[in-house]
Structures are given as structure tokens and as C-alpha cells.
Amino acid sequence: MTRRSANVVVIGGGVNGTSIAMHLARLGAGKVILVERGHLAGGASGRSGAMVREHYLHPTLVKMAMEASDIFHNFADVIGGDARFIQTGRALFFGERDADAAHANVEMNRELGVEIQTLAPSELARIVPQANLDGIALGVYEPNSGYADPMATTYAYADQARNRGAEIVTGCAVTGINISGGRVTGVETEQGPIDADAIVAAIGPWVNKLAAPLGEFLPVTPIRVQMVHLRRPPSLESLGVNVIDYTTGAYFRVDAGHSTLVGGEEWDDLSEVVNPDAFGLNADHDTITRFWDRARLRFPGFDAATQRGGYGSLYDMTPDGNPILDRSPSVEGLYWATGFSGHGFKLSPVVGRMVAEFVMHGESSDHPIREFRASRFDEGDLLEAEHPYEGRRHQ
């Protein structure tokens with residue numbers, strides 16, 4: 001086996017690993033090698049709902065999401081390539097229990113510059129006329145929201161990384177991290193060792209497979225999530241807005257060919273702990289039925305939809321539902337980018353830059369990366385919303 005060398009090795013070929021590799025190459029980090037055990041976007045990234053939004057419940061995340069949204073709207077100019085972003089708008093439905101929190105969060109978002117507004121049910125009906133709004137006390141609307149193609153986005157980052165001299169190695173698992181004198185010296189892979197001065201592990205729910213042999217543990221839990229694919233009947237073919245229904249716990253993401261992806265965000269929907277190497281890739285029958293029932297409740301026309309299957313994916317959940325972007329406390333030159341908890345896709349263009357700056361300069365240039373440190377969980381300083389929505393694990 002050939003021994004290779006790099007200045008930085010990025011482990012993981014998902015949307016954030018490729019974004020980090022691209023930004024490292026852009027910033028002049030020297031030789032960058034990304035190593036992925038399968039193919040690019042072969043894990044959670046390729047199965048992402050890939051929604052792009054700015055509405056968040058914490059100011060730091062709002063600011064990051066605003067920058068990321070602007071990038072997706074101008075992807076070819078800012079990144080290069082085509083993320084296949086489609087602007088749909090995004091309507092949020094709230095019952096009485098969350099109305100006060102929604103007002104407070106919209107006010108905070110607007111103060112930071114997000115184009116977002118609250119709507120009375122009568123106003124919401126003009127944007128989503130297909131919906132049954134019984135039990136809806138308040139709507140929130142983001143006109144600039146939409147979705148992208150997660151695979152196209154990942155490959156665009158990878159292509160731009162290559163264009164700047166990075167090497168992308170797929171079909172090659174990293175089997176361990178090499179350390180000498182308390183700092184990294186490289187990685188062991190199935191194709192031989194790679195010497196490196198720095199390593200970034202962006203491997204989501206697999207992170208503790210590399211962390212545990214080093215005596216570290218990151219509070220990241222592999223959670224199986226499911227999505228159901230419904231072909232809308234003619235009565236719903238005009239439904240072109242993404243919808244998040246906080247009363248039923250369902251979300252509805254527009255898909256190609258008059259289809260909608262339906263997912264769940266209630267606490268029970270995000271509670272199935274799994275082995276990330278052996279989990280159900282297809283949606284369960286009872287989940288299909290449960291999500292379809294939620295769809296019918298809010299959009300009666302879905303009663304005549306054709307169910308076209310569904311699939312399982314993974315969230316790498318942390319206790320506060322926000323990522324860990326940090327350096328190892330025990331191994332110099334080792335960095336963790338994990339725990340995205342379902343936010344990874346939409347934040348990827350910004351996370352990639354933040355982590356690349358952190359590796360090269362010890363800090364990110366604008367957004368406070370320290371807020372995403374792993375020690376916040378032991379310190380009791382979680383990244384939490386001031387006005388959370390009830391019953392939601394994924395805010």
C-alpha cells in the first residue's frame with residue numbers, strides 16, 4: 001500500500017465533509033485529502049429533505065441560516081456548480097399553545113433581517129388554500145425558503161474542492177487515527193496510511209467509532225428518521241409551498257412530479273436509536289399509515305393520493321439538537337464536525353467555512369464557533385431557544 005501525505009485529512013464525504021474540504025482548499029490549507037468509505041452523499045446527506053430556511057429559534061443559528069440561504073439562492077456564483085435550489089416559500093402552522101412563542105421568534109428573526117411574517121388563518125388560507133386550517137391559530141410565512149438537491153449539492157462542493165487541488169478518495173474506510181506525542185500524525189485507511197498535520201472528522205452518527213479508541217465520547221445519538229412519498233392527486237397538484245405543521249408534527253416538502261415528501265418531527269418520531277451500520281432503509285408500514293393520516297388531517301385531498309413508498313435516514317442527534325464544531329480536548333490537530341441533528345444540509349455552506357477557518361486560524365471570522373463546543377453539555381450551557389415550541393425535539 002502506498003503511503004500518502006496531506007496537510008489536512010477530512011473524513012466523511014457527506015454535505016458537510018465536502019463543504020469543509022472545499023473551504024479548506026479555498027483558504028489555502030495546503031494539500032487536502034477527503035476520505036469517504038462509500039460514495040459521496042451515500043449516508044444521511046443523500047437522504048436529506050434538503051430544505052433551506054432562515055427561521056431558527058436562536059440568534060446564532062438565524063444568522064448562519066441567513067448566510068446559507070443567500071448562498072443557496074446564488075449557488076453558482078458563490079460556490080460554483082448547481083445545487084438545484086427551488087424557491088417554494090415555507091408556511092408554518094401553529095396552534096394556540098405555540099402562538100406566543102411563534103410571535104416572539106418571528107420578531108427576533110425580523111430584527112436580524114429575515115424576511116418572515118406572522119399570518120392570521122384567513123391570510124394563511126390565501127397562501128395554502130388546499131389546507132384545512134381547523135385548529136390553526138397562527139401562521140408564519142418565509143417566502144424565500146425552498147429546497148435543493150442534496151446529492152447535487154454534495155457533488156458541487158466536491159468538484160470545487162478538486163478544482164482547488166483537493167483529492168477526493170471514495171470507497172476507502174478510515175480505520176483509525178494515528179497519534180504521536182499527543183497530536184495527530186495521520187490516519188490509517190483501507191488503502192494505506194495518510195500522514196497529516198490535521199484531521200477533521202465529519203462522519204455524523206459514526207463519530208464515536210473514531211472517538212472511543214482515543215478515550216473520548218461525544219454526546220451524539222444515531223436516530224432513525226423516516227419519510228413517506230405521496231403522489232398528490234389532481235386536487236393538490238397546485239400545492240407548491242413547503243409546510244411545517246406544528247399541530248400534527250408533520251412536514252410536507254414539495255418534490256418533483258407533483259409529489260410530496262411527508263416527515264414527522266414529534267418527539268416520538270425522533271426516538272428510534274439505531275446502529276448506523278444496520279438500520280431500516282425503507283419506511284415502516286405503520287409509519288406510512290401514521291404520516292398519511294397526518295397528511296389527510298391537514299390536507300383532505302391527500303385521501304386520494306398514491307403512496308409511493310418511503311425511506312429511512314439518520315440524524316446524529318445531540319442533547320440540545322445542535323451541532324458540535326470543536327477540537328479534541330486531548331489530541332492536538334483533531335477536529336470534530338458532527339451532531340447536526342437534522343440541520344446539517346441547510347447550514348452546510350456556512351459550517352464548511354467556519355470549520356475551515358477554525359482549523360487554520362483557531363476561530364471563525366464571524367459566527368461564534370465556540371457556542372458549538374462539545375463541553376457545553378457538561379457545562380450546562382446548551383444552545384437552546386428562549387422561546388421553544390412545545391413537544392418538539394427538532395427546533
Side-chain angles (χ1 to χ4, degrees), residues 4 6-26 29 31-50 75 79-84 148-177 186-194 196 198-211 220 222 276-277 279 281 313-316 323-325 334-340 342-356 359:
R4 289 179 286 182
N7 295 97
V8 187
V9 169
V10 179
I11 310 171
V15 71
N16 278 290
T18 52
S19 178
I20 291 166
M22 181 198 71
H23 281 92
L24 283 166
R26 279 186 165 185
K31 179 62 176 179
V32 177
I33 299 179
L34 181 147
V35 185
E36 161 59 42
R37 68 174 186 170
H39 59 81
L40 297 181
S45 289
R47 291 171 169 260
S48 169
F75 199 86
I79 301 296
D82 186 2
R84 299 175 188 168
D149 182 325
M151 184 164 285
T153 304
T154 302
Y155 275 79
Y157 291 145
D159 287 344
Q160 294 305 312
R162 288 192 191 95
N163 290 345
R164 290 164 175 80
E167 183 179 353
I168 309 292
V169 181
T170 58
C172 177
V174 170
T175 57
I177 296 173
V187 295
E188 292 293 332
T189 81
E190 293 176 330
Q191 297 178 13
I194 305 174
I199 297 167
V200 182
I203 52 176
W206 292 272
V207 66
N208 283 309
K209 291 194 172 186
L210 288 181
V220 173
D277 291 319
F279 67 96
L281 293 174
S313 186
L314 293 171
Y315 281 177
D316 45 341
I324 294 170
L325 310 174
L334 176 59
Y335 299 83
W336 306 115
T338 187
F340 288 98
H343 305 303
F345 179 85
K346 59 187 67 66
L347 298 177
S348 63
V350 176
V351 164
R353 177 181 60 78
M354 290 173 65
V355 173
V359 171

Please report the closest heavy-atom contact between [X] and [Y], naming both atoms and the distance.
| X | Y | result |
| --- | --- | --- |
| F75 | G81 | CD2-O, 3.8 Å |
| S48 | F345 | OG-CB, 3.7 Å |
| N7 | A29 | CB-O, 3.3 Å |
| A83 | T153 | CB-OG1, 3.3 Å |
| G14 | S45 | CA-OG, 3.4 Å |
| A21 | A161 | C-CB, 4.1 Å |

Is a side-chain donor or acceptor of [X] paired with a backbone partner of [Y] at a separation under 3.5 angstrom?
| X | Y | answer |
| --- | --- | --- |
| T175 | E188 | yes |
| T338 | G204 | yes |
| N16 | G344 | yes |
| R26 | R353 | no |
| S19 | S348 | yes |

R37: partners by salt bridge (charged side-chain N to carboxylate O under 4.0 Å, His left out), with sequence neighbours left out: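 Expected list: D277.
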
Can you name the residues that form a salt bridge (charged side-chain N to carboxylate O under 4.0 Å, His left out) with D159, not counting sequence neighbours?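 By the salt bridge (charged side-chain N to carboxylate O under 4.0 Å, His left out) rule, D159 matches R162.
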
Please round to the nearest 0.5 Å and tell me the distance separating atom [atom1] of [X] and atom [atom2] of [Y].
| X | Y | atom1 | atom2 | value |
| --- | --- | --- | --- | --- |
| T170 | E36 | OG1 | CD | 7.5 Å |
| I11 | L210 | CD1 | CG | 5.0 Å |
| Y155 | D149 | OH | CG | 11.0 Å |
| N208 | I203 | CG | CD1 | 8.5 Å |

Is the shortest side-chain heavy-atom distance between [X] and [Y] below 4.5 Å?
| X | Y | answer |
| --- | --- | --- |
| M22 | I79 | yes |
| I20 | Y335 | no |
| L325 | F340 | yes |

Among all residues two or more places apart in sequence or in another chain, which pass the side chain to side chain contact (heavy atoms under 4.5 Å, CB included) test with [X]?
| X | value |
| --- | --- |
| P205 | P222, P276, L314, D316 |
| A196 | V9 |
| R4 | T2, E167, V169, Q191, I194 |
| T18 | L34, L40, T154, Y157, A158 |

